[in-house]
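Below is one structure, written out as C-alpha cells; the observations come after it.
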Amino acid sequence: MLTCIIKYHIDPTKREQFDQYARTWGQAIPRCGADLIGYFSPHEGSSTLAYGIYNTPSLSAYESYRARLAADPLGQENYAFAQKEKFLLREDRTFLTLASAPHGDPA
C-alpha cells in the first residue's frame, strides 16, 4: 500500500476556494479508485499549507487512478476550477509506505 501526501501551498486569501476544491475531490477521488483519507485546510499555524492524503495499492494502481480521474467530468471540472481561481501556488506529491505496523501492544 502506498500513501500519497499532497502538500499544497495555497493563497491564504482564497481558503474558501481550496475548501470547495477539497470537497469536490471528496466525491471524485473515491469514485475513481483511490482510498481517500481526506483533505486538510489550514487551521492554526501556517495559513498557506494544506494537504490531501489518499492510499493506492501500488504505483501502477496510482497511474490507472490518475487516468480515470483525468477523464472524470467532475475531475476535469475541478482541475479547471483550480486553474481559473488560482488558489494553488504550489503542489508537491510524496509517496510513503507504512513503516510502523503493527501498531499497539500485542499482549
Side-chain angles (χ1 to χ4, degrees):
M1 182 67 64
L2 293 177
T3 300
C4 179
I5 299 178
I6 308 170
K7 179 180 179 181
Y8 295 99
H9 295 261
I10 64 170
D11 180 334
T13 66
K14 296 184 176 185
R15 182 171 160 213
E16 287 181 23
Q17 288 90 334
F18 178 80
D19 288 350
Q20 179 180 337
Y21 176 78
R23 285 188 300 273
T24 301
W25 284 141
Q27 300 301 310
I29 288 173
R31 183 173 68 218
C32 290
D35 174 23
L36 181 63
I37 295 169
Y39 268 73
F40 301 86
S41 290
H43 180 71
E44 291 292 326
S46 173
S47 62
T48 61
L49 293 179
Y51 295 88
I53 305 171
Y54 58 87
N55 293 316
T56 60
S58 64
L59 278 177
S60 63
Y62 168 78
E63 294 298 332
S64 297
Y65 147 75
R66 290 285 298 197
R68 286 188 300 274
L69 191 63
D72 183 82
L74 191 57
Q76 291 172 351
E77 184 179 305
N78 216 25
Y79 285 127
F81 173 70
Q83 293 296 311
K84 178 183 170 225
E85 296 295 324
K86 299 186 185 320
F87 53 87
L88 299 178
L89 306 176
R90 185 171 151 191
E91 183 177 323
D92 299 307
R93 277 182 177 71
T94 301
F95 294 89
L96 304 172
T97 58
L98 181 62
S100 63
H103 300 133
D105 185 4

Which atoms form the tightest heavy-atom contact between [X] and [Y], and what is the distance?
X   : Y   : answer
P42 : A50 : CD-CB, 4.2 Å
L69 : C32 : CA-SG, 3.7 Å
Y21 : A82 : CE1-CB, 3.7 Å

State which residues pass side-chain hydrogen bond (donor to acceptor under 3.5 Å, both in side chains) with S46; sequence neighbours excluded, sorted by chain then number.
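Per chain and number, S46 pairs via side-chain hydrogen bond (donor to acceptor under 3.5 Å, both in side chains) with T48.
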Only counting residues at least two apart or in another chain, list the ones meeting side-chain hydrogen bond (donor to acceptor under 3.5 Å, both in side chains) with T97.
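With neighbours one apart ignored, the set is empty.
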Quick test of your reading: applying side-chain hydrogen bond (donor to acceptor under 3.5 Å, both in side chains), list the pairs with at least one residue in residues 69-94, sequence neighbours left out, ordered by first then second residue.
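Those involving residues 69-94 are R31-D72, Y62-R93, R90-D92, E91-R93.
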Got a sec, which residues hit ring-ring contact (aromatic ring centres under 6.0 Å, His included) with Y51, two or more places apart in sequence or on another chain?
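Y51 satisfies ring-ring contact (aromatic ring centres under 6.0 Å, His included) with no residue once adjacent residues are dropped.
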Y65: partners by ring-ring contact (aromatic ring centres under 6.0 Å, His included), with sequence neighbours left out
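Per chain and number, Y65 pairs via ring-ring contact (aromatic ring centres under 6.0 Å, His included) with Y54.
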Is there a path from [X] to [Y] through hydrophobic residues (I, L, V, M, F, W, Y) whose side chains come within less than 4.5 Å of each other?
X   : Y   : result
L36 : L59 : yes
L74 : F18 : no
F95 : I6  : yes
I5  : I37 : yes

Within a strict 4.5 Å, meaning less than it, do heavy atoms of the [X] and [Y] side chains meet?
X   : Y   : result
T56 : D35 : no
L98 : T3  : no
E16 : F87 : no

Under a 3.5 Å cutoff, is there a donor and acceptor pairing between the side chains of Y39 and Y8?
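Note: Y39 and Y8 side chains meet the donor-acceptor criterion.
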Within this structure, what is the CZ-CD1 distance for the pair F40 and I53, rounded to the nearest 0.5 Å?
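Answer rounded to 0.5 Å: 5.0 Å.
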Evaluation steps, side-chain contact (heavy atoms from CB on, under 4.5 Å), between L88 and I10
CA-CA 5 Å; L88 299 178; I10 64 170; 4.0 Å; yes
Does R15 reach the main-chain N or O of S41 with its side chain, forming a donor-acceptor pair under 3.5 Å?
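A pair under 3.5 Å: no.
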Kindly write out the residues that satisfy salt bridge (charged side-chain N to carboxylate O under 4.0 Å, His left out) with E63, not counting sequence neighbours, or none if the list is empty.
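By the salt bridge (charged side-chain N to carboxylate O under 4.0 Å, His left out) rule, E63 matches no residue at all.
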